[in-house]
2 protein chains.
Amino acid sequence: MPRRPPPSRRRAPRQERAQATCDAILTATARILLKDGYEAASTNRIAQEAGVSVGSLYQYFPSKEGLVTALMERHRAQGLADFEAGLVPLASQPLPVAMRALIQQVISVKRENPKLNQVLHELKPRMRQWGLSDAYSQRLFRLVRAFLAPRFEELRPQNLDMAVFILVNTVEALSHSAVTERPDYLEDPLFVEELTALVLGYLRPEPATSAPRRTARERVARM
Amino acid sequence: MPRRPPPSRRRAPRQERAQATCDAILTATARILLKDGYEAASTNRIAQEAGVSVGSLYQYFPSKEGLVTALMERHRAQGLADFEAGLVPLASQPLPVAMRALIQQVISVKRENPKLNQVLHELKPRMRQWGLSDAYSQRLFRLVRAFLAPRFEELRPQNLDMAVFILVNTVEALSHSAVTERPDYLEDPLFVEELTALVLGYLRPEPATSAPRRTARERVARM
DNA sequence: TTAGAATGTGAGTGAGCGCTCACGTTCTCA
DNA sequence: TGAGAACGTGAGCGCTCACTCACATTCTAA
């Protein structure tokens with residue numbers, strides 16, 4: 001019984017050489033995106049770079065959109081797996097240690113392959129227009145949520161979902177901004193420290209110095 | 001003596017109707033971007049929407065890139081002016097008050113016209129490819145830097161440039177993420193509070209409460 | 001051995017794009 | 001008032017693109 005092809009595929013490859021063709025097409029796409037950007041990635045050019053004919057490309061991918069979507073899915077699946085693998089052993093660590101390690105990891109990934117990360121990141125809005133399922137974002141969100149939930153009682157934010165939203169997007173956005181605007185920051189240990197301070201300063205309960213906590217909350221609400 | 005046309009223009013309009021044509025073209029471009037996205041914004045379509053002919057479009061704009069650039073410049077000049085206008089009276093306010101007001105302002109702007117802001121934001125990478133000068137980002141950066149500099153002694157971060165980079169990108173990115181992923185947050189007063197807490201928690205010196213500083217750090221390390 | 005399924009080919013199609021140019025129309029000013 | 005500058009027009013050019021299809025080659029399994 002044939003496996004159902006995912007929506008980004010046309011036919012599933014059944015022989016080895018077909019699988020090789022698929023892979024060649026995907027990696028060629030990545031290579032061109034990386035080298036010359038999305039505008040340069042025409043289907044003919046991709047086929048040429050992969051060493052196959054356009055026809056073969058359309059055997060396995062229903063459209064250019066489908067091809068780019070498939071590439072994106074592959075990349076995000078890998079990224080998410082890496083993130084999860086890094087997260088698991090940190091579950092028992094103190095929050096500051098865990099956070100610093102996670103931030104360091106995100107930045108390392110960006111630093112390893114800044115150009116491809118940038119291109120794929122900038123492709124996201126286009127894919128939203130094509131109706132890309134946001135399953136990976138949601139899974140990432142849930143991972144961080146599960147990580148934070150057990151310690152949430154001791155932390156300042158009251159709304160867990162919003163806190164996770166803020167944390168995930170902050171780290172993601174700042175490391176991406178660094179890639180495009182300040183690549184030197186990716187090498188600077190201080191940048192990791194500052195991101196960590198940002199995140200921890202957000203989560204840490206406000207110093208309940210002189211005033212009782214309830215009053216402190218009211219003050220916040222009125223400011 | 002004729003005014004020099006900016007690099008995004010071909011000829012400067014000299015009569016009133018020409019100026020009207022220019023404006024019509026720019027607003028038509030914005031309308032189409034807003035309604036159907038960049039892919040739908042062909043020059044013929046823009047001209048049609050503006051009620052002029054393609055020829056007229058190319059009288060005033062040297063290329064499609066130039067047209068989009070001009071629109072972007074108009075939008076960013078307005079945004080920057082608004083931001084600066086909001087910033088000036090806050091110079092003398094306490095930091096928490098000023099920060100909350102600024103964040104509220106950024107979010108309000110996004111909320112007013114979320115779709116256009118989103119489209120233009122997503123156009124930025126493309127324009128970087130076209131060699132867009134980043135003068136507005138730099139000006140924004142310098143504004144915030146000048147705002148923060150006088151109080152910097154009392155704050156935790158040691159590197160002013162990096163702090164400004166982090167603050168500007170955090171607020172910008174989070175309000176943009178809210179537009180695309182959680183529009184409900186734009187209406188939620190708690191979101192402004194949390195962004196403010198994020199920013200202030202980052203800037204605030206670490207609490208040196210009752211215990212000596214080293215112990216306080218250890219407590220934090222254990223939470 | 002061989003039928004037919006799976007895989008691979010690439011010249012060609014039609015649609016849409018950015019942009020031009022030869023030509024009208026309207027305005028300005030001496 | 002009329003000459004020339006400024007403004008406006010839109011059919012259509014040249015080109016690139018995503019994608020197809022008639023056909024060739026290779027593999028599988030009975």
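Order of the sequence lines fixes the chain letters, A, B, ..., with proteins taken first and strands second; residue numbering starts at 1 for each chain.
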_side chain to side chain contact (heavy atoms under 4.5 Å, CB included) partners for B:Glu112, two or more places apart_ = none
*asked:* If you compare every side-chain N and O of B:Ser53 against the phosphate oxygens of D:dT9 (OP1, OP2), does one of them come in below 4.0 Å?
replied: yes
_Please tell me if A:Thr21 has a side-chain N or O lying less than 4.0 Å from either OP1 or OP2 of C:dG8._
yes
Round to the nearest Å and state the distance from [X] atom [atom1] to [N] atom [atom2].
{"X": "B:Glu16", "N": "C:dT26", "atom1": "CD", "atom2": "C1'", "answer": "14 Å"}
{"X": "B:Arg11", "N": "D:dG8", "atom1": "CZ", "atom2": "P", "answer": "12 Å"}
{"X": "B:Leu57", "N": "C:dC17", "atom1": "CG", "atom2": "P", "answer": "14 Å"}
{"X": "B:Arg14", "N": "D:dG4", "atom1": "CZ", "atom2": "P", "answer": "18 Å"}
{"X": "B:Asp36", "N": "C:dC17", "atom1": "CG", "atom2": "P", "answer": "12 Å"}

*What is the nucleic acid contact for B:Tyr60, judged by heavy atoms within less than 4.0 Å: base, sugar-phosphate only, or nothing?*
sugar-phosphate
*asked:* Does anything in residues 123-130 of chain B come within less than 4.0 Å of DNA chain D? Heavy atoms only, and list the residues if so.
replied: none
_Strictly under 4.0 angstrom, non-hydrogen atoms only: write out the protein contact profile of nucleotides 16-30 of chain D, one letter per nucleotide from the 5' end, B, S or -._
-SBBB-----BS---
*asked:* The criterion is side-chain hydrogen bond (donor to acceptor under 3.5 Å, both in side chains); which residues satisfy it with A:Tyr202, sequence neighbours excluded?
replied: B:Glu194
Between [X] and [Y], does any side-chain N to carboxylate O distance fall below 4.0 Å?
{"X": "A:Lys124", "Y": "B:Glu122", "value": "no"}
{"X": "B:Glu39", "Y": "A:Arg126", "value": "yes"}
{"X": "B:Asp36", "Y": "B:Arg45", "value": "yes"}

*Please list, chain by chain and in numerical order, all residues satisfying salt bridge (charged side-chain N to carboxylate O under 4.0 Å, His left out) with B:Lys110, sequence neighbours excluded.*
B:Glu172
*From A:Gln118, A:Glu181, A:His121, residue fulfilling side chain to side chain donor-acceptor pair (under 3.5 Å) relative to A:His176*: A:His121
_Within residues 11-50 of chain B or reaching into it, pairs that qualify as ring-ring contact (aromatic ring centres under 6.0 Å, His included) - sequence neighbours excluded_ = none
*Side-chain donor-acceptor pair present, B:Gln78, B:Asp82, cut-off under 3.5 Å*: yes
